[in-house]
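Chain letters run A, B, ... following the sequence lines, proteins first and then strands; every chain starts at 1.
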Amino acid sequence: MSNSLIHNCETCPAHNVGNLTKLGINMDNFDFVVALAGNPNTGKSTVFNALTGLKQHTGNWPGKTVTRAEGGFLYNNKKFKLVDLPGTYSLLSTSTDEEVARNFVLFGQPDVTIIVVDSSRLERNLNLVLQVLEITNRAVLCLNLIDEAKRHSIIIDERKLSKDLGIPVVPTSARYDEGINELLKMIYEVATGAFVCKPYKIKTESKQVKNAVEKLKGKLLQAFPKLPNVNWVALRLLEGDQEIINAIRSGDLGSLEIKNFIPLLEEQT
Amino acid sequence: MENINNTYRESIISEATTLRWEVGENFHDSLMESIYKNASEIAAHSVTQKNKQQNHTFDQKLDKIITSRMFGFPAMFIVLAVVFWVTIIGSNAPSAMLASVLIDKFHPWLKEIAAAISTPLWISGLLIDGAYLGMAWVVSVMLPPMAIFFPLFTLLEDFGYLPRVSFNMDSLFRKAGAHGKQALTMSMGFGCNVAGVIATRVIDSPRERLIAIITNNFALCNGRWPTQILIATIFIGGAVPGYLAGIASAGAVVGVALLGVVLSLVVSWGLSRTVLKGEASTFSLELPPYRPPRILRTLYTSLIDRTAIVLWRAVIFAVPAGLVIWLVSNITIEGISLAEYFINWSNPFGLLFGLNGVILLAYIIAIPANEIVIPTILMLTVLTLGMNSVGAGDGVMFELESVNATADIFKAGGWTLLTGINLMLFSLIHNPCSTTIYTIYKETRSLKWTTVSALLPVVMGFIITFFVAQIWRLI
């Protein structure tokens, strides 16, 4: 009885307000890496600033963040490194700014990916959400700009949505610092494994495609046993993504890890 | 072993090619289709919207005006003109106040202290007359306009106006063979060309990205706004009746800024017809909803983010520049300083372009930062005129209590309306600052294109000022 009371207190957002320490750019010895992904102009940088206390320049236009920005915060005695990615509509395209986001989620292997969406344009934003859920198992959906959605009389049942997507869904209004504590709590739970995500997988490909992907997956794993997201790589290979083909040909695909992949990428840009 | 691996990897690729034929060509489309279908099902399940039509009407009405063919451009000019007018009118008094504190009170006071502890003359000259005054000048002339201009600009950005500007200009840029998003990177350049050059990463095609990088310099950066504003106030504002001065000088600054936009279109057109040939690619630009700006937060972040950072950069560059100016005007050969040698030698060239030797030397000293052009010019003018009663001695960057006194210096230096106009033009059209040049190199990794980006504008600047000067003299 008393145990559960204490437990309830600890998980209550009100209790945890004091547990957030904004660390700015101090990111030494972090426990978890968290990525911020989402469509352009959904407020990723605003969420980033709210969590880290940094003053990344924000602005009301798509495509403002073109490089990665990093910051840190401390929550419940765990150190998080937060990476703000450029906005992207899709993970299937090939432009330089979208590539940064795509490659980080794909090969950077963040512990948690926060997908920030514009609540008043949920359906369109979900296209990216579904693609991100294809390549990661640990994600939190941040229903940002919820105030704007309300102004437009849009009501979102976040519990239904959470059940459908299989990940936590948190309504926020980062411009007004609303919902940030709930967001932190869910990031923490997903990172520590307290919340186990069962992400929605796109119901799609014909049997033919499925078989083809399986075949390629088998072959890829034989050549690159440690390859993360082999499913996605196989899909892209099947589509004829030249970048993936080059990486296979040169053998670089095997060494695509967070540390040696990102500098390689920055040289190219 | 390595060979076996190679063969195996090649076999993966060839297998993928075979499979691609089996699954059919429109596999990508069908994948996208199923993603859209899944997304719409999920959204339908959890989203409800009441009275669908009503709430977007404000946005739509405003967009009908702001992005219309008829009113889009006039609205843009008016918005810009109002921003500059407020900046020009608003920054006069605080500038004078800062100058009177930092220069009239603080500078003699520092000199007295230095004299009291018997500092050698050359040390107090170098540090107080050179470094300190350089910094003080930059603070008093740049801080007020920046503290007004940046928050206003940030409010516009926060409100959602910039993508609309980009939308209006998109077709112009595409006709010039450039990418429509270049309008956005240009807007970033209005703040700082370094930011503008980095922002070109949003452009996918390397050809169009290069065009955007090369032409970004034609967006007046904040290091050059104060020069434009001051010169316009003195020469344009001075050429019209007093009650029109504010509007005329604001109009002149808008005019120069628009000339920058036109040049950036013309150069883009030229490049895409010659060395960077190709078709313009299409893109979709999402117009974000108008959002009520958060005024207090915007004021805070634009003061911290932009104003303080830009000012700090200006101060960092002004201190060594102050030292250099003091040195070149105090190291003498046979009684004539190095600065005077250069000025006397280059003056005939300068006059050919409607400028003068002082301006040319100032632009060489100010390559690291556009912010210090005006203080350098003032100091050098006084030096060549031997107006030692105005400043405290050779090589002193000084401020004068009012814009009128600055105007007197210029006029004593033989400046005319033409000099003022051509300085405004040359300030728009010359090489980017050294930080921007370095950024261009980092982004393009190409010495060739970095050289082009640096030299093209300065050559154009000389050509344009030359023709303006010749035509002016004919009339």
Side-chain angles (χ1 to χ4, degrees), chain A residues 39-41 55 57-64 66-67 86 90 92 94-97 120 122-124 126-127 129-131 148 151-158 160-161 164-165 175-176 200 202-206 208-209 212 215-216 219-220 222-223 235 237-240 245 248-249 251 269, chain B residues 5-6 8-13 15-17 19-20 22-24 27-28 30-32 34-36 38-40 42-51 54-56 154 157-163 166 181 184 198-199 201-204 285-286 288-291 294 297 301 304-306 443:
Chain A
N39 282 27
N41 207 34
K55 298 280 182 286
H57 181 66
T58 58
N60 185 8
W61 56 281
K64 179 196 55 60
V66 286
T67 49
S90 158
L92 296 162
T94 48
S95 80
T96 316
D97 55 328
S120 51
L122 183 62
E123 180 178 335
R124 186 141 46 87
L126 276 176
N127 293 323
V129 176
L130 294 182
Q131 293 176 40
E148 245 170 55
R151 263 199 298 134
H152 294 149
S153 331
I154 296 168
I155 295 158
I156 301 173
D157 186 336
E158 69 252 21
K160 260 190 206 166
L161 188 60
D164 284 349
L165 292 174
R175 262 154 74 86
Y176 305 93
Y200 180 94
I202 300 167
K203 298 189 187 79
T204 156
E205 307 122 54
S206 58
Q208 231 174 359
V209 174
K215 264 188 207 162
L216 288 177
K219 291 203 90 169
L220 279 168
Q222 241 176 321
L235 201 63
L237 178 60
L238 189 60
E239 270 201 64
I245 293 176
I248 291 173
R249 188 161 282 151
T269 54
Chain B
N5 274 343
N6 274 341
Y8 183 72
R9 292 202 300 262
E10 285 300 329
S11 83
I12 302 179
I13 295 168
E15 168 128 32
T17 317
L19 287 169
R20 197 171 308 132
E22 282 174 24
V23 297
F27 149 63
H28 179 85
S30 75
L31 177 66
M32 288 314 289
S34 46
I35 291 175
Y36 275 71
N38 284 226
S40 105
I42 295 173
H45 193 217
S46 56
V47 178
T48 42
Q49 181 169 17
K50 291 181 221 158
N51 50 0
Q54 277 181 13
N55 288 287
H56 290 285
T154 315
E157 191 181 333
D158 211 25
F159 179 59
Y161 186 60
L162 287 194
S166 172
K181 278 188 197 168
L184 271 181
I198 293 175
R201 290 184 192 178
V202 298
I203 296 170
D204 313 344
L285 177 73
E286 191 176 359
Y290 292 104
R291 291 181 178 140
R294 304 213 56 203
R297 179 174 291 186
T301 48
I304 298 301
D305 245 27
R306 285 183 153 163
E443 292 294 312

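- With sequence neighbours excluded, the residues that form a side chain to side chain donor-acceptor pair (under 3.5 Å) with Glu148(A) are Arg291(B).
- Here the CD-NZ distance, from Glu15(B) to Lys219(A), works out to 4.5 Å after rounding to the nearest 0.5 Å.
- Interface remark: Tyr176(A) contributes backbone and side-chain atoms alike to the contact with chain B (heavy atom separation under 4.5 Å).
- For Leu130(A) against Ala39(B), the heavy-atom pair with the smallest separation is CD1-N, 3.6 Å.
- Once rounded to the nearest 0.5 Å, the distance linking OG1 of Thr48(B) with CD1 of Ile155(A) reads 4.5 Å.
- Using a 4.5 Å heavy-atom cutoff, the side chains of Leu19(B) and Lys215(A) are in contact.
- The number of heavy atoms from other shown groups lying within 6.0 Å of OH (Tyr200(A)) is above 12.
- Proximity to chain B is limited to the side chain of Asp164(A), based on heavy atoms less than 4.5 angstrom apart.
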Legend entry - From CA spacing to verdict: side-chain contact (heavy atoms from CB on, under 4.5 Å), Arg249(A), Glu10(B): CA-CA 6 Å; Arg249(A) 188 161 282 151; Glu10(B) 285 300 329; 2.8 Å; yes
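- A pairwise comparison of heavy atoms in Glu123(A) and Ser40(B) identifies OE2-CB, 3.1 Å as the closest pair.
- When the candidates Gln222(A), Gln131(A), Glu158(A) are compared by the number of heavy-atom contacts under 4.5 Å with chain B, Gln222(A) comes out ahead.
- Two residues are said to be in side-chain contact when any heavy atoms from C-beta on lie closer than 4.5 Å; Ile42(B) and Val129(A) fail this criterion.
- With sequence neighbours left out, the side chain to side chain donor-acceptor pair (under 3.5 Å) criterion links Thr17(B) to no other residue.
- Closest approach of Leu161(A) and Ser46(B) over heavy atoms only: CD1-OG, 3.5 Å.
- Between chain B and the residues Ile245(A), Leu126(A), Leu238(A), Asp157(A), the largest count of heavy-atom pairs under 4.5 Å involves Leu238(A).
- Proximity to chain B involves both the backbone and the side chain of Leu237(A), based on heavy atoms less than 4.5 angstrom apart.
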